[in-house]
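Just so it is clear, the model here is predicted, and its values are computed rather than measured. So you know, we letter chains A, B, ... as the sequences are listed, proteins then strands, and number each from 1. Heavy-atom basis, side chains included; hydrogens, waters and symmetry copies ignored.
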Number of protein chains: 2
Amino acid sequence: MKTSRSRPRIRDVAEAAGVSETTVSHVLNNKGRVDAATRARVAEVAERLGYRPNSNARGLRSGRADTIALLLPVGADLALSHHVLAVDFYLSLTMSCVEAAFEHDQALLQLPPLRKLDDLRRFSIDGGIVVDPVPEDPRVAMFQRLGLPVVTVGRDITHPDDPWWVAADSAASTSAVLDHFVAAGARRVAMLSVDIEWSWFADAELAYVEWTESHGHEPMLVLARPDKLDSSAAEAANRLLDLRPDAVYAPPQWLATGLLRVARERGVRVPDDLLVSVGVDSHLARTSEPPLTAVDLDPARTASEAVDLLVRRIEGRESEGPRLIPVALHPRASTMRADVHVTAGPATRRRPARP
Amino acid sequence: MKTSRSRPRIRDVAEAAGVSETTVSHVLNNKGRVDAATRARVAEVAERLGYRPNSNARGLRSGRADTIALLLPVGADLALSHHVLAVDFYLSLTMSCVEAAFEHDQALLQLPPLRKLDDLRRFSIDGGIVVDPVPEDPRVAMFQRLGLPVVTVGRDITHPDDPWWVAADSAASTSAVLDHFVAAGARRVAMLSVDIEWSWFADAELAYVEWTESHGHEPMLVLARPDKLDSSAAEAANRLLDLRPDAVYAPPQWLATGLLRVARERGVRVPDDLLVSVGVDSHLARTSEPPLTAVDLDPARTASEAVDLLVRRIEGRESEGPRLIPVALHPRASTMRADVHVTAGPATRRRPARP
DNA sequence: CTGAAAGCGCTTACAG
DNA sequence: CTGAAAGCGCTTACAG
């Protein structure tokens, strides 16, 4: 047993295998022409020695960092931002990105809110995943300014031709929820959403309006302001309930819970008088009173497609188009009337409406 | 205006300032003796050129990566783990670590669950923050095996002498909650916790038992199993309610919500018949029915202290002891009886009991 | 198919 | 106080 030295370098592998460092490098990176037998021997030796390339050396020489960045639309102070969608989604997305990156031999760097271009320059990365971009998102712009590949989770609604995004299918989610409402007996179906230009919300609104048109209904749509969350939710929910809907799709989590609270205060019973569904699943949705019917956004799938797409872009390949993630509806008590037979509408796979 | 070249190297700064690369390096790293005027001029030139050292080159040469790792006790599949404490806490902790690291000129790498030592070897990092360690935590062991500095959020309850940890003050939280119960009129105070060997839970249990002893009460303590969350919560909550408590402190979020559900089923009214408090704050705690009195763990403060402590350890300095983070109690409707005047017990700062 | 050599951009003894 | 030179561990033309 040799005394355990510091980690082996490529030279150690070369010596042990009786070849040059060049050949070892070729084997490890699947480059150049190397005799099959040599290749096998080198690979075996590298494995036996537990060789791991030094990523700094590799990065310095090759220009690659083998590291990708993740940019959530959340700062350290979650007070405002994180309840707009749902914490569960962002945490699950994060951990899934970490695992997906790992499988692509990439490390995942979590980035802080970027104030200026120099903030981004500090990091040694090959590209980034920007979550929930707003129109002309400054984070995306910074990546582009530095010539760094970028992929978004959710799309910039002002860039219809960008093929470099991944998103849960908001239009299909909306249809699934609305059809589910109707199957449960609803006749006055409304939407409670937020005035934020994320594609998830924009596409849901569009799908809702189209749906009401094709069903010959008047749209009942109220948008809450994205600031002062508690009061804006209450204000918007009250305004919506004044319209006397019997079913409400509230994509953002904080509006769904706000609506539940306001309904309780006004003596509106859920689900007896009002059906409610939220656009993202969470522990909160599962345990609220009553439990909320919710859309499962499949953050794990979203993450793995996003990482895959980013790696593709980093490698200089073409995108074969944006990737829409199928969703699933989880019906719960908030849309289950005792007297109505309910069918869960399947989440049909559909392209989102493009402006 | 020069055509915008790729980022400037140290040589460009040296030439523009009329000094050697060595001097530039010394200025940038605050090393060696450099004339004050030279120092100022070099710094100014570097600033003007927008110079940023190449972290791969720096890392290769110096052995430092200027990158720290964060290891949450959560995998991509949040199904089990993440509700044991609360998603809000982990996400906030993560984003706060990112910002704290940024302020220390470190990048923050999120790590996947580590299956084997080689998984860890793949990353180029200077150290790591392991969140919620279990006894002889394998993640901590891997860091130690590679000689990498590590700091934990929460402590390993079997290593009382380790000074390298940061944790919210669980004992003080528990006292604050229990005293708050008594002030609200409770006389049969119970605890509902989980059989996981995290210090947050262990210290709360210990504090509870000590508190009952010093108040001359019989302890009523039920521990849920950490698997099959929904059924274990229901089973444990039912068992506890059979003991007829009039107040329950449930540190883990999923048990607090499980208790609320079981109480509802059994016709036990909260807060009229039963006071309930949870050990971690979240959107769910704020919006549940009724809203739950909760302990604010101050994840932002915890994160910044953890990063600070890790940087200290990386620099080879001594720890001046573990860091206990003060907590705050947020009283809400779940402990507010209409007929009792309630005072929020201040979270006193206390060292946790050490086994 | 294989290897010698250059060089990525820094930092760090070391010499002056 | 300042700088020339070596070298961190790789990858990549290039030559054979």
Watson-Crick or G-U pairs under 3.5 Å in DNA chain D, rendered as dot-bracket with [ ] for crossing pairs and | for another strand: |||.||||||||.|||

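- For B:Arg48 and B:Glu44, the salt-bridge test passes: some basic side-chain N is under 4.0 Å from an acidic carboxylate O.
- For the contact set between residues 34-43 of chain A and DNA chain C, defined by any heavy atom under 4.0 Å, the members are A:Val34, A:Asp35, A:Thr38.
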Scan nucleotides 10-16 of chain D nucleotide by nucleotide, 5' to 3', and note B when protein non-hydrogen atoms come under 4.0 Å of the base, S if they reach only the sugar-phosphate, - if neither. BBBB---

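- Looking at B:Arg9 and B:Glu21, no side-chain N of the basic residue comes within less than 4.0 Å of a carboxylate O on the acidic one, giving no salt bridge.
- Side chain of A:Ser92 to backbone of A:Asp88: no donor-acceptor contact under 3.5 angstrom is found.
- No donor-acceptor distance shorter than 3.5 angstrom exists from the side chain of A:Arg301 to the backbone of A:Ala168, with no hydrogens or angles considered.
- Listed pair B:Thr23 / D:dG3 meets the phosphate criterion, a side-chain N or O lying under 4.0 Å from OP1 or OP2.
- In this structure a side-chain-to-backbone donor-acceptor pair under 3.5 Å is present from A:Arg122 to B:Phe102.
- Ion pair A:Asp137/A:Arg139 flagged as a salt bridge, since at least one NZ, NE, NH1 or NH2 atom sits closer than 4.0 Å to an Asp/Glu carboxylate oxygen.
- A distance-only check finds no donor-acceptor pair linking the side chain of B:Arg313 to the backbone of B:Ser319 [under 3.5 Å].
- If you take CZ on A:Arg58 and OG on A:Ser25, they are separated by 8.0 Å, rounding to the nearest 0.5 Å.
- B:Thr67 OG1 to B:Asp105 CG: the interatomic distance, rounded to the nearest 0.5 Å, is 11.0 Å.
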Run the numbers on A:Arg323 and A:Asp308 for side chain to side chain contact (heavy atoms under 4.5 Å, CB included), then give the verdict. CA-CA 11 Å; A:Arg323 305 192 184 180; A:Asp308 203 72; 3.2 Å; yes

